[in-house]
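In what follows, chains are A, B, ... by sequence order, proteins preceding strands, each numbered from 1.
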Number of protein chains: 2
Amino acid sequence: MKTKDKILKEALRLFNERGLSQVGVREIARSLDISVGNLSYHFPKKEDLIMELLSQIRMANDARYEEYFEGRASLGRFLGTFRQIMENQYRYRGVFLGHDEINQVIKKHFDYLSIEEKRRKFFHRIYTDLAKAGELKLAEGDIEFLISFITLFGRFWMMEASISFTDKSKEEIIDHYMGLLKKQLGLFV
Amino acid sequence: MKTKDKILKEALRLFNERGLSQVGVREIARSLDISVGNLSYHFPKKEDLIMELLSQIRMANDARYEEYFEGRASLGRFLGTFRQIMENQYRYRGVFLGHDEINQVIKKHFDYLSIEEKRRKFFHRIYTDLAKAGELKLAEGDIEFLISFITLFGRFWMMEASISFTDKSKEEIIDHYMGLLKKQLGLFV
DNA sequence: CAAAACTTAGTACAATGTACTAAGTTTGAA
DNA sequence: TTCAAACTTAGTACATTGTACTAAGTTTTG
């Protein structure tokens, strides 16, 4: 294997282990028994390394989608494709994960599992009450689904916004995401 | 205002401006015209500062939820509460945002808006085809909703997993999130 | 009034990303 | 085979970062 590929492979391994920001170029070089100068020859900046990994993900994902479009449209096929995408993302998880100080700080200082537990109970109560009051019609499993939805949603809507809506105002952004939440809950009215 | 509060306020302002990892303790001190030693007296570690801000968010949010629980259960009231939560999160967005190298790298090197556009068209086609094939029953606005959902979902399921499911295997994690996606799409079958 | 709380300026250290040099080695095309 | 390009090495250097400490002052408060 070419040194360049070795670097990419080992870097991804280390990123998956500890996260993007926790792995320095010196460590990647040390782990491969090559010099920093060598690594620097192939990837002058850490960014270049990350970019290469990102390109690999994109190419792999694009290939999956193209495969999908070649066949007939079916829910089963789509779900299969999406699962492959997820597997692929997981393979490169280090590129996406652990690069955030914040979650590390939270995990270090808060009893995060109990916060999670509390949050679940919170929403469970909210949805149960709404069902009792006749505001929502919830079947078996719906509550768990809605809890998962709002957990993911509440945690990441703002990151999503910072990526997708760079030029929108606070009000527009919040309106947009409130619209999503309303629509989602509206499916159970 | 006490110095401690001044520090918190200015730190948040800078974090909101450029993101957690882009603002150093020296800059916060300089910006306030106080010494690093002084800042260090109040917050020995940057983490301590972040923790304080996080606590403020939590307290504010908890207060909103408690208010909600004091009144009667209604969808409208819940949505109102959630909007307040979102406003609050937005106020502290710097603590959550921009702390990730990855999005900065992506935005710097890729034409991100066109990728976004392409992704939307991708999913638009997928859902339209599925509707035509009779696999999904989609009314006005449903497609936009599903696109927004899968965009958020596909981007953040893994981060969510890294927070919520620390002990689960890859297969279990992917199964769980595939379950959510199936359930969501199942609502339109 | 005295102690506690606060503030200052300054130093220090290890780690990081980045950048460069001068020298060798390997490899592939003419 | 030859020779230039591609690759690899070890080492140096620099600015920036989080973190930690000191010794000295000032302000606040019980």
Side-chain angles (χ1 to χ4, degrees), chain A residues 1-54 94-109, chain B residues 1-54 94-109:
Chain A
M1 210 193 312
K2 290 251 184 188
T3 304
K4 192 159 185 170
D5 295 320
K6 276 196 232 168
I7 293 171
L8 285 168
K9 192 179 167 189
E10 183 65 10
L12 179 58
R13 197 185 66 76
L14 290 169
F15 289 159
N16 282 347
E17 218 176 77
R18 279 199 306 295
L20 216 50
S21 66
Q22 300 307 306
V23 179
V25 287
R26 285 175 182 78
E27 183 182 355
I28 299 170
R30 190 177 349 111
S31 182
L32 279 169
D33 253 317
I34 64 172
S35 67
V36 181
N38 191 359
L39 199 155
S40 188
Y41 171 76
H42 292 285
F43 302 100
K45 301 185 180 186
K46 191 182 174 182
E47 257 185 30
D48 301 324
L49 219 174
I50 298 168
M51 280 300 295
E52 193 64 39
L53 290 172
L54 281 175
V95 181
F96 304 103
L97 253 49
H99 46 66
D100 42 359
E101 303 176 59
I102 188 66
N103 285 326
Q104 288 170 11
V105 173
I106 290 177
K107 285 203 172 178
K108 188 169 165 190
H109 289 85
Chain B
M1 209 192 314
K2 290 249 182 189
T3 304
K4 193 160 185 169
D5 295 321
K6 276 195 230 168
I7 293 171
L8 285 168
K9 191 179 169 190
E10 183 65 8
L12 180 59
R13 195 185 67 77
L14 290 169
F15 290 158
N16 283 348
E17 218 176 74
R18 276 199 309 294
L20 214 50
S21 65
Q22 301 307 305
V23 180
V25 287
R26 285 174 181 80
E27 183 182 354
I28 299 169
R30 189 175 353 111
S31 182
L32 279 168
D33 255 316
I34 65 172
S35 68
V36 181
N38 190 1
L39 198 155
S40 188
Y41 171 78
H42 292 286
F43 303 99
K45 302 186 182 187
K46 190 182 175 183
E47 260 185 28
D48 300 326
L49 219 173
I50 298 168
M51 281 300 295
E52 193 65 38
L53 290 173
L54 280 174
V95 181
F96 303 104
L97 253 49
H99 46 68
D100 42 359
E101 302 176 61
I102 189 66
N103 285 327
Q104 289 171 10
V105 173
I106 290 177
K107 285 202 172 179
K108 188 169 166 191
H109 288 85

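The distance from the OG atom of A:Ser40 to the CD1 atom of A:Ile34 is 10.0 Å, given to the nearest 0.5 Å. The OG1 atom of A:Thr3 sits 11.0 Å away from the CG atom of A:Leu8 when rounded to the nearest 0.5 Å. Rounded to the nearest 0.5 angstrom, A:Lys46 NZ and A:Leu49 CG are separated by 9.0 Å. Here the CG-CG distance, from A:Leu20 to A:Leu14, works out to 11.5 Å after rounding to the nearest 0.5 Å.
Here the closest heavy-atom approach between residue A:Lys4 and residue A:His42 is recorded as CB-ND1, 4.0 Å. Between B:Val23 and B:Arg18, the shortest heavy-atom distance links the atoms CG2-NH2, 4.1 Å. Nearest heavy-atom pair across B:Val25 and B:Leu39 is O-CD1, 3.6 Å.
In this view, B:Glu10 and B:Arg13 satisfy the salt bridge (charged side-chain N to carboxylate O under 4.0 Å, His left out) rule, not counting sequence neighbours. Checked against side chain to side chain contact (heavy atoms under 4.5 Å, CB included), A:Lys6 has the following partners two or more places apart in sequence or in another chain: A:Met1, A:Leu32. Partners of A:Arg26 by salt bridge (charged side-chain N to carboxylate O under 4.0 Å, His left out), not counting sequence neighbours: none found.
Proximity of residues 3-12 of chain A to DNA chain D (heavy atom under 4.0 angstrom from any strand atom) is restricted to A:Thr3.
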Sub-3.5 Å pairs of nitrogen or oxygen atoms, protein against nucleotides 16-18 of chain C:
| residue | atom | partner | partner atom | Å |
| --- | --- | --- | --- | --- |
| C:dG17 | OP1 | A:Lys46 | NZ | 3.1 |
| C:dG17 | OP2 | A:Val25 | N | 3.0 |
| C:dG17 | N7 | A:Arg26 | NH1 | 2.9 |
| C:dG17 | N7 | A:Arg26 | NH2 | 3.4 |
| C:dG17 | O6 | A:Arg26 | NH2 | 3.0 |
| C:dT18 | OP2 | A:Lys46 | N | 2.8 |
| C:dT18 | O4 | A:Arg26 | NH2 | 3.4 |

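For DNA chain D, the contact window with chain B, defined by any atom under 4.0 Å from a protein heavy atom, covers D:dT17 to D:dA20 in 5' to 3' order.
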